[in-house]
Amino acid sequence: MAFGGESAESYYDEGLTAAMKGDVEQAIALFKQAVQLDSSFLAAFHQLARCYLRTGQSEKAAELLRRVLAINPRLVPPRVDLGFALLELGHAEEARKHFSDAIAIKENDARAHLGLSQCAYDECQWDAATELARAAVNLGGANFAGLFLLGRAARLAGFLEDAAEALTRADALLEKSIESSPEAPEAYYLRGEVCFVKEDYTKALDFFRAAEDRAEPGRRYTSYGETFTRADVLAKRGLCLQHLGRIENARELGEQILLLDPNHRLGAALADLGKEGGEP
């Protein structure tokens, strides 16, 4: 029974608390209880879908979000989350439509602009991705997701000063996050990603090692829309080693990854390094 009593609202409130603490599985169980008690509780369905997104269950998330929007199509946050779920599932055109529809309802929605930027980025439209990411940052403030996408897109578009500024600002946010939560792996992993984009592979390697030291085997982490497991951290370390010319070390990491996750594609590619055709 929920602490506040056997009501949908009590389970919902406890689900929000669990989700904020990072206990996503517990949050899922609580939100399920909420919607079982009240099948019209759209906010609970939405939060349950967000938890499914955080645990990599994008199809379940999309199904629930479609259900929410069928009842109230003008809800912007669920529509934007559906767009990101569809991106995860590889349905870029449908995702773009939902992001555009969200902007038609709420013109200044930062996450919808970020979603459109991600669509353009995935299609190698660097200039469009840069402008859309810049709009997302201007609308939503200096958040990591917007700054990191802006930095990556601007770098590929050739706007190197803009890219450097965005990535520096993104890294500064992560540095503050580490100060407040030094034992959480997420910020270390993302700082590794920022350094990797900057092609500072030695520094990236240090951050990925720090993330590995703090990541629990079998757990999935989500932060600022970026999702990773301990196997993914090892894979990023392997890519750093490859770029630094330490091919044998990278191959050994690939073999370690396959012990954790036999289906890890990047791990398999790293384990194949040095063999014929073996290049991630």
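Please read these numbers as outputs of a predicted model, since none were measured by experiment. Quick note: numbers below take in every heavy atom, side chains included, and nothing from hydrogens, waters or symmetry partners.
A cation-pi arrangement is found for R152 relative to Y121, the charged atom lying closer than 6.0 Å to the ring centre and inside a 45° cone about the ring normal.
Electrostatic pairing of K60 and E63 does not count as a salt bridge here, judged by no charged N lying under 4.0 Å from a carboxylate O. Ion pairing between D162 and R134 holds under the 4.0 Å rule for side-chain N and carboxylate O. With respect to the salt-bridge test (charged N to carboxylate O, under 4.0 angstrom), the residues R66 and E94 qualify. Remark: K236 does not engage D232 in a salt bridge, criterion side-chain N to carboxylate O under 4.0 Å.
The distance from the NZ atom of K106 to the CZ atom of R111 is 10.5 Å, given to the nearest 0.5 Å. The OG atom of S10 sits 9.5 Å away from atom CG of L37, with the distance rounded to the nearest 0.5 Å. Note that the CG atom of L30 and the CG atom of D23 stand 8.5 Å from one another [nearest 0.5 Å]. Separating the CZ atom in F228 from the CD atom in E193 is a distance of 9.0 Å, to the nearest 0.5 Å. Rounding to the nearest 0.5 Å places NZ of K203 at 6.0 Å from CZ of R191. One finds the SG atom of C195 at 6.0 Å from the CG atom of D171 (value rounded to the nearest 0.5 Å).
Taken together through direct or relayed side-chain contacts under 4.5 Å among Ile, Leu, Val, Met, Phe, Trp and Tyr, L239 and V197 form parts of separate hydrophobic clusters. Taken together through direct or relayed side-chain contacts under 4.5 Å among Ile, Leu, Val, Met, Phe, Trp and Tyr, Y188 and V194 form parts of separate hydrophobic clusters. Hydrophobic cluster membership differs between L139 and I103, with clusters built from Ile, Leu, Val, Met, Phe, Trp and Tyr side chains linked at under 4.5 angstrom. Placement of L260 and L253 within a single hydrophobic cluster is found when ILVMFWY residues are connected by side-chain heavy-atom separations under 4.5 Å, directly or transitively. Note on F84 and Y221: separate hydrophobic clusters, where clusters join Ile, Leu, Val, Met, Phe, Trp and Tyr whose side-chain heavy atoms are under 4.5 Å apart, directly or indirectly.
Residue A271 comes nearest to L258 through the heavy atom pair CB-CD1, 3.9 Å, listed as atom of the first residue, atom of the second, then distance. Considering every non-hydrogen atom in both I105 and P73, the closest pair reads CD1-O, 3.9 Å. Closest heavy-atom contact between A92 and C119: O-SG, 4.1 Å. The nearest pair of heavy atoms linking A163 to G151 is CB-O, 3.4 Å. Across all non-hydrogen atoms, the minimal contact from L190 to S223 is CD1-OG, 3.8 Å. Counting all heavy atoms, side chain and backbone alike, R54 lies closest to T222 at O-OG1, 2.9 Å.
A donor-acceptor pair is defined here as one N or O able to donate and one able to accept, closer than 3.5 Å; no such pair exists between the side chain of S117 and the backbone of H113. Side chain of S177 to backbone of L173: no donor-acceptor contact under 3.5 angstrom is found. Using modelled atom types, one side-chain atom of S100 and one backbone atom of R96 make a donor-acceptor pair closer than 3.5 Å.
Residues D261 and T229 form no side-chain contact, since every pair of their non-hydrogen atoms from C-beta on lies 4.5 Å or further apart. You'll find the side chain of I257 stays beyond 4.5 Å of the side chain of L266, heavy atoms only. Side-chain contact between F41 and S39: absent, with no pair of heavy atoms (C-beta onward) separated by less than 4.5 Å. Contact annotation: the side chain of R74 never approaches that of L69 to less than 4.5 Å [non-hydrogen atoms, C-beta and beyond]. When side chains are defined from C-beta on, E165 does not count as touching T168, because their heavy atoms never get closer than 4.5 Å. Between E88 and L86 the shortest side-chain heavy-atom distance does not fall below 4.5 Å.
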Q57 and L53: CA distance, side-chain angles, deciding distance, side chain to side chain contact (heavy atoms under 4.5 Å, CB included) verdict: CA-CA 5 Å; Q57 302 177 76; L53 271 176; over 6 Å; no
Step-by-step side chain to side chain contact (heavy atoms under 4.5 Å, CB included) determination, V80 to H98: CA-CA 7 Å; V80 174; H98 284 290; over 6 Å; no
Candidate pair Y52 and S58, rule side chain to side chain contact (heavy atoms under 4.5 Å, CB included), full reasoning: CA-CA 6 Å; Y52 282 142; S58 300; over 6 Å; no
Derivation and outcome, side-chain hydrogen bond (donor to acceptor under 3.5 Å, both in side chains), residues E6 and Y11: CA-CA 8 Å; E6 190 73 10; Y11 281 109; 2.8 Å; yes
Candidate pair R155 and E199, rule side chain to side chain contact (heavy atoms under 4.5 Å, CB included), full reasoning: CA-CA 11 Å; R155 188 179 180 90; E199 299 182 8; 3.8 Å; yes
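In summary, the aromatic rings of F196 and H243 are positioned with their centroids under 6.0 Å apart. The distance between the ring centers of F148 and Y224 does not fall below 6.0 angstrom.
Exactly one of L64, I71, L65 qualifies for a side chain to side chain contact (heavy atoms under 4.5 Å, CB included) with F45. That residue is L64.
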Which pairs would a plain distance check flag for residues 204-216, meaning a side-chain donor or acceptor within less than 3.5 Å of a matching protein atom at least two apart in sequence or in another chain?
residue : atom : partner : partner atom : Å
E212    : OE1  : R237    : NH1          : 2.5
R214    : NE   : P182    : O            : 2.9
R214    : NH1  : A210    : O            : 2.9

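Annotation: E255, atom CD; neighbour count of heavy atoms from other residues, nucleotides and ligands within 6.0 Å is above 12.
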